[in-house]
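Below is one structure; the comments refer to it alone.
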Amino acid sequence: MAAPFRIVGLQIAAVVAVCLLMSFCDQAGSTLLAGPQLGSALLGGAVVVLPNAIFALGAARRLSLDGDDARLREARRLVGHGVFKWLLTAVLMAAAFALATIEPLGFFAALTVAIMVQMIAPVLPRIGGRA
């Protein structure tokens, strides 16, 4: 799996883990709040994972780097994709707050875990794969 898609895969796995945890979340002692927490966790994870998946698709389509002009174009494209990714994350977050009833624990737990995975995934060892 290519590095950008590896990070997206790890993020999806982490969000699924948070969702499993939220499905057993018991805030009120005897009332199981699986539905609202689980939905919010899925939404929080999607806010980060979807823009990263789009970024990974863009990063996978590379120019052949045979000259300085090509390298400069590739660097500009990569920066542009990164800016687009963060703007899309902000738009999705605003839409989630405006259009859905959010349970803060589930939403921010999944969002935070997905962002943390994005930060640490590049230094994690690869298991059974090539670089």
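Remember, predicted model here, so these are calculated numbers, not experimental data.
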Mind listing the side-chain donor-acceptor pairs of residues 108-120 below 3.5 Å, one per line with the distance, residues two or more places apart or on another chain?
{"residue": "T112", "atom": "OG1", "partner": "F108", "partner atom": "O", "Å": "2.6"}
{"residue": "Q118", "atom": "OE1", "partner": "N52", "partner atom": "ND2", "Å": "2.9"}

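- In the hydrophobic clustering of ILVMFWY residues, with side-chain heavy atoms under 4.5 Å counting as a link, V48 and F84 come out together.
- Note: Q11 CD to L50 CG = 10.0 Å, rounded to the nearest 0.5 Å.
- V8 is not listed as a side-chain neighbour of F55, based on a closest heavy-atom distance of 4.5 Å or more.
- In this structure, L10 and A121 approach most closely via the heavy-atom pair CD1-CB, 3.7 Å.
- Using modelled atom types, one side-chain atom of S40 and one backbone atom of E103 make a donor-acceptor pair closer than 3.5 Å.
- L43 has its side chain within reach of I102: a pair of non-hydrogen atoms, C-beta onward, lies under 4.5 Å apart.
- The structure places CG of L42 at 3.5 Å from SG of C19, a figure rounded to the nearest 0.5 Å.
- L88 and V15 fall into different hydrophobic clusters, where Ile, Leu, Val, Met, Phe, Trp and Tyr residues are linked whenever their side-chain heavy atoms come under 4.5 Å apart, directly or through other members.
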Could you give the side-chain donor-acceptor pairs of residues 89-98 under 3.5 Å, partners two or more places apart or in another chain?
{"residue": "T89", "atom": "OG1", "partner": "K85", "partner atom": "O", "Å": "2.9"}

